[in-house]
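Scroll down for the structure; my scribbles are underneath it.
Note that these values count all heavy atoms, side chains included, but never hydrogens, waters or copies made by symmetry.
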Amino acid sequence: MPLQLASHLSRRSDLVTLGVQGVIANAASEVLLVRHGYRPGWHFPGGGVERRETIDRALCRELNEEAGVILVQPARLFGIYTNFEVFPGDHVVLFIVEHWRQDHIPAANAEISEQRFFALDRLPRTITAATKRRLDEVFGGAERANTW
């Protein structure tokens with residue numbers, strides 16, 4: 001179903017969509033990535049902002065749903081990116097999540113088939129190019145791009 005919806009939305013040039021993603025690192029400086037059941041590669045946890053939902057609330061909801069992560073303090077805005085290659089009006093808001101806890105790890109399901117922490121020098125081979133670019137911006141000092 002998500003792929004059918006994505007296909008339909010990609011043909012709608014009048015829509016603006018908004019997503020949130022969180023960069024979460026543990027005490028060992030490993031970053032949390034998730035693997036979806038409906039699209040390839042490893043990504044940051046996150047998802048779409050729903051109608052009448054604030055960006056902050058969407059981030060809290062998505063992190064908890066996908067990774068069992070609960071924000072202890074508000075996340076820090078890192079950047080806002082266009083993602084027009086995916087949808088003509090898509091934007092992604094990226095946050096740095098510094099104060100969090102993970103009381104449980106959700107069981108694998110159709111949306112999130114796996115989640116794992118990775119050392120920055122041992123990222124998975126199938127990490128998406130956009131996720132890797134964001135890690136280079138956040139941790140490697142690379143210049144921030146405007147596009148996802």
Would the distance check show the side chain of S113 and the main-chain N or O of R35 forming a donor-acceptor pair, the cut-off being under 3.5 Å?
yes
For the backbone of E62 and the side chain of E65, can you confirm whether one donor and one acceptor N or O come within less than 3.5 Å of each other?
no
A108: side chain to side chain contact (heavy atoms under 4.5 Å, CB included) partners, not counting sequence neighbours:
none
Partners meeting side chain to side chain contact (heavy atoms under 4.5 Å, CB included) with N26 (sequence neighbours left out):
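N26: side chain to side chain contact (heavy atoms under 4.5 Å, CB included) contacts with A28, E30, W100, F117.
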State the CG-CZ distance between L63 and F44, to the nearest 0.5 angstrom.
11.5 Å
Are any of the side-chain heavy atoms of [X] and [Y] separated by less than 4.5 Å?
| X | Y | result |
| --- | --- | --- |
| V23 | L94 | yes |
| R101 | D103 | yes |
| F95 | D56 | yes |
| Y38 | E111 | yes |
| L123 | K132 | yes |
| I24 | V31 | no |
| P40 | T126 | no |
| E66 | H36 | yes |

Apply side-chain contact (heavy atoms from CB on, under 4.5 Å) to residues F78 and V138 and explain how you reach the verdict.
CA-CA 8 Å; F78 183 78; V138 172; 3.8 Å; yes
Before you tell me yes or no, could you show the steps for E53 and R51 under salt bridge (charged side-chain N to carboxylate O under 4.0 Å, His left out), namely the whole-Å CA-CA distance, both residues' side-chain angles and the distance that decides it to 0.1 Å?
CA-CA 5 Å; E53 183 177 47; R51 183 174 167 81; over 6 Å; no
Under 4.5 Å between side-chain heavy atoms, hopping through other hydrophobics if needed: is there a path connecting [X] to [Y]?
| X | Y | value |
| --- | --- | --- |
| L120 | I96 | yes |
| V92 | L77 | no |
| W42 | F139 | yes |
| V69 | V93 | yes |

Residues two or more places apart in sequence or in another chain: which of them pass side-chain hydrogen bond (donor to acceptor under 3.5 Å, both in side chains) with R57?
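R57 satisfies side-chain hydrogen bond (donor to acceptor under 3.5 Å, both in side chains) with no residue once adjacent residues are dropped.
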Just to verify, what does N146 make a side-chain hydrogen bond (donor to acceptor under 3.5 Å, both in side chains) with, not counting sequence neighbours?
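side-chain hydrogen bond (donor to acceptor under 3.5 Å, both in side chains) check on N146 returns nothing, list empty.
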Using the rule given for side-chain contact (heavy atoms from CB on, under 4.5 Å), can you reason through Q115 versus L32, listing the C-alpha separation, both sets of side-chain angles and the distance that settles it, and then say yes or no?
CA-CA 7 Å; Q115 68 164 288; L32 179 63; 3.5 Å; yes
If you link ILVMFWY side chains whenever their heavy atoms are less than 4.5 Å apart, which other residues fall into the same cluster as I112? By chain and number, please.
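Reading the cluster by chain and number, I112 sits alongside V34.
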Evaluate the criterion salt bridge (charged side-chain N to carboxylate O under 4.0 Å, His left out) for residue pair D136 and R134; output intermediate values, then yes/no.
CA-CA 5 Å; D136 290 343; R134 302 299 78 83; over 6 Å; no
Start with the C-alpha gap between I70 and H99, add the side-chain angles, then the distance that decides, and say whether side-chain contact (heavy atoms from CB on, under 4.5 Å) holds.
CA-CA 9 Å; I70 297 170; H99 304 282; over 6 Å; no
Set out, in order, the CA-CA distance, both residues' side-chain angles and the distance that settles ring pair (Phe, Tyr, Trp, His ring centres under 6.0 Å) for F84 and W148, then state yes or no.
CA-CA 8 Å; F84 297 161; W148 188 250; over 10 Å; no
Considering non-hydrogen atoms only, spot the tightest contact between [X] and [Y] and give its length.
| X | Y | answer |
| --- | --- | --- |
| A75 | L59 | CB-CD2, 3.6 Å |
| V20 | A58 | CG2-C, 3.9 Å |
| A67 | P106 | C-CD, 3.4 Å |

Which pairs with one or both residues in residues 74-86 pass side-chain hydrogen bond (donor to acceptor under 3.5 Å, both in side chains), sequence neighbours excluded?
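Residue pairs passing side-chain hydrogen bond (donor to acceptor under 3.5 Å, both in side chains), neighbours aside: R76-E98, Y81-E137, N83-D90.
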Hey, is R116 close enough to E114 for a salt bridge, meaning N to O under 4.0 Å?
yes
